[in-house]
*Asks:* 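Can you keep this structure in mind? I'll have questions shortly.
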Amino acid sequence: MVEQDFIFKKVKLVNGFSSWESPSNIALIKYWGKYGEQLPENPSISFTLSECKTITKIYYRPKKEKEIDNFSFLFDGSLKPSFNNKINQFINRISIYIPAIKHHFFEIESHNTFPHSSGIASSASAMSSLALCFMEIEKQINTKISKLDFIKKASFLARLGSGSATRSIEGPIVYWGNSKAYDDSSLLYGTPLNNIASVFTTYQDTILIIDKNEKRVSSTLGHQLMKSNPYAKNRFIQANENMNQLKDVLIKGDLDNFIKIIELEALSLHAMMMTSSPSFILMQPNTLFVINEVYEFRKRTAIPICFTLDAGANIHLLYPHRFFKKVQNFIKEKVLKYCVSKQFINDHVGVGSKKI
Ligand code: DP6
């Protein structure tokens, strides 16, 4: 260590407010398996969404000497003790990078634009909006920082809350993790893709709600199970190869190969869950009925629609904007009966987070 390392950063004590909204994302190449402090075993890439987002506000003030906690958290106006551990861990992790945190108290308020009990993963939008609020606070209190560095550091911090959150700061497509396909890819933060065929900038994602229940396997446990999964090594190789192949597909707008890669990725993710010990089947019978309807519809109409899955039973239907009406009719006629309370959400590729 050098002398400089012992010098404490001066921290001003300030009252203030910060507010950001950040969207969810849907992975095309899936992140499943991590090591160290939130580092991915394989590269991933996702569409940033638009409508499904989290809005977070933080009021902050100097922390009183005797105060033990340094934050309070309200979700949709109510206390949510079950979220506190995750937020606490996040704040602890990022306080090394944001010195002001240790000296302030944060009143955090958050809400999602999508129904809480829809089985849609909210950690990407929740953690990215939180990371952005804390970056804003750091900027207000301590630092002059360029727009580019602000975004990069927000993505870096978001990763420490939830891996997939690192890909939610910008849009329309973001990659994360070391990949031969992209020279500027990083393990530490997400990078937006510049060279994309225009069809993908307005791509649709209709989310079919097949199961509203809380996930039966947390992502944290799922990632951990990859450490002993006998197929893990090959899965990481496969994800790298799929990243390489997808690169050209995204540039050229090659929808046939897009469909092949995206569906293979979704099923490979679930294959990993099914072959972990303990194993999990997160698809429901209705997930399979819908997948078969998608195959049949695609064959009959030649409309380039495909499905992908999160770590759950819900289905994301991905398709070009020009087929919106035809796909909506397909949904009403063929798949609505498989959705809980006939519920689905029309979302589309978006540009990323926004200060509000
Ligand atoms: C299946 O980002 O939720 O959605 O880093 O433990 O918070 P943590 O995991 P998380 O994992 C996401 C898994 C996935 C695939 C993906 O988004 O790439």
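Everything numeric here is computed off the predicted structure, so don't read it as measured data.
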*Asks:* Can a side-chain donor-acceptor contact be found between N25 and S168 if the only test is distance below 3.5 angstrom?
*Replies:* yes
*Asks:* Got a second to check how far I261's CD1 is from S268's OG, nearest 0.5 Å?
*Replies:* 11.5 Å
*Asks:* More than 12 heavy atoms of other residues, nucleotides or ligands under 6.0 Å from CZ of F289: yes or no?
*Replies:* no
*Asks:* Between N240 and S179, is a side chain to side chain donor-acceptor pair (under 3.5 Å) present by the stated rule, with each step listed?
*Replies:* CA-CA 7 Å; N240 273 282; S179 165; 5.1 Å; no
*Asks:* Is the closest side-chain donor-acceptor distance between T166 and S155 under 3.5 Å?
*Replies:* yes
*Asks:* Would you say E263's side chain and F307's backbone share a donor-acceptor pair under 3.5 angstrom?
*Replies:* yes
*Asks:* Would you call the rings of F134 and F106 parallel, tilted or perpendicular, where under 30° means parallel and over 60° means perpendicular?
*Replies:* perpendicular
*Asks:* What distance do F114 atom CZ and I209 atom CD1 have between them, rounded to the nearest 0.5 Å?
*Replies:* 10.0 Å
*Asks:* Could you state whether I259 and L250 fall into the same hydrophobic cluster, counting links through intermediate Ile, Leu, Val, Met, Phe, Trp or Tyr residues with side-chain heavy atoms under 4.5 angstrom apart?
*Replies:* no
*Asks:* Distance under 6.0 Å and angle within 45° of the ring axis: does K80 meet both against F73?
*Replies:* no
*Asks:* Has K64 got its NZ or CZ under 6.0 Å from the middle of the six-membered ring of F105, at an angle within 45 degrees of the ring axis?
*Replies:* no
*Asks:* Looking only at atom types and distance, does a side-chain atom of R167 sit under 3.5 Å from a main-chain N or O of V174, one as donor and one as acceptor?
*Replies:* no
*Asks:* So if you build clusters from Ile, Leu, Val, Met, Phe, Trp, Tyr with side-chain heavy-atom gaps below 4.5 Å, do L132 and F17 land together?
*Replies:* no
*Asks:* For the backbone of I210 and the side chain of N314, can you confirm whether one donor and one acceptor N or O come within less than 3.5 Å of each other?
*Replies:* yes
*Asks:* Measuring from atom CD1 of I91 to atom CD1 of I98, what distance do you get when rounded to the nearest 0.5 angstrom?
*Replies:* 10.0 Å
*Asks:* Is K337 atom NZ crowded by more than 12 heavy atoms from other residues, nucleotides or ligands, each under 6.0 Å away?
*Replies:* yes
*Asks:* Assess whether a salt bridge exists between D149 and K153, defined as any Lys/Arg side-chain N lying under 4.0 Å from an Asp/Glu carboxylate O.
*Replies:* no
*Asks:* Linking Ile, Leu, Val, Met, Phe, Trp and Tyr through side-chain heavy atoms less than 4.5 Å apart, which residues share a cluster with L74?
*Replies:* L79
*Asks:* If I take atom NZ from residue K342 and atom CG from residue L336, how far apart are they, to the nearest 0.5 angstrom?
*Replies:* 6.0 Å
*Asks:* Over all heavy atoms of both residues, which pair between F297 and K326 is shortest? Give the atoms and the distance, please.
*Replies:* CZ-O, 4.1 Å
*Asks:* Does a side-chain N-to-carboxylate-O contact under 4.0 Å join R300 and E293?
*Replies:* no
*Asks:* Using every non-hydrogen atom in the two residues, find where P23 and T48 come nearest and quote the distance to one decimal.
*Replies:* CG-CG2, 3.5 Å
*Asks:* In terms of ring plane angle, is the pair Y97 and F156 parallel, tilted or perpendicular, where the classes change at 30° and 60°?
*Replies:* perpendicular
*Asks:* Could you tell me how the ring of Y31 sits relative to the ring of W176: parallel (under 30°), tilted (30 to 60°) or perpendicular (over 60°)?
*Replies:* perpendicular
*Asks:* Is a donor from one side chain sitting under 3.5 angstrom from an acceptor on the other, for K34 and Q38?
*Replies:* yes
*Asks:* Any side-chain donor paired with an acceptor under 3.5 Å for K30 and T308?
*Replies:* yes
*Asks:* Would you say K57 has more than 12 foreign heavy atoms packed within less than 6.0 Å of its NZ?
*Replies:* no
*Asks:* Which atoms form the tightest heavy-atom contact between R298 and I303, and what is the distance?
*Replies:* CG-O, 3.4 Å
*Asks:* What closest approach, in Å, do D76 and N112 show between heavy atoms, and which atom pair accounts for it?
*Replies:* OD1-N, 4.3 Å
*Asks:* Give a yes-or-no answer on whether the side chains of S22 and T54 include a donor-acceptor pair shorter than 3.5 Å.
*Replies:* no
*Asks:* Taking the basic N atoms (NZ, or NE/NH1/NH2) and the acidic carboxylate oxygens, is any pair closer than 4.0 Å for E136 and K355?
*Replies:* yes
*Asks:* Please give me the minimum heavy-atom distance between E67 and K63, naming the atom from each residue.
*Replies:* O-NZ, 3.0 Å
*Asks:* What heavy-atom pair brings D211 and V340 nearest, and what distance separates the two atoms?
*Replies:* N-CG2, 3.9 Å
*Asks:* Does the pair F236 and N234 meet the rule for a side chain to side chain contact (heavy atoms under 4.5 Å, CB included), with working shown?
*Replies:* CA-CA 5 Å; F236 302 143; N234 280 336; over 6 Å; no
*Asks:* Regarding R61 and N15, is there a side-chain donor-to-acceptor distance under 3.5 Å anywhere?
*Replies:* no
*Asks:* Are the side chain of S279 and the backbone N or O of T275 linked by a donor-acceptor pair below 3.5 Å?
*Replies:* no
*Asks:* Name the orientation class of the two ring planes belonging to H104 and Y60 (parallel below 30°, tilted from 30 to 60°, perpendicular beyond 60°).
*Replies:* perpendicular
*Asks:* Can you confirm whether more than 12 heavy atoms, excluding those of Y35, are under 6.0 Å from its OH atom?
*Replies:* yes
*Asks:* Look up atom CG in L225 and atom OG in S276, then write down how far apart they are to the nearest 0.5 Å.
*Replies:* 4.5 Å
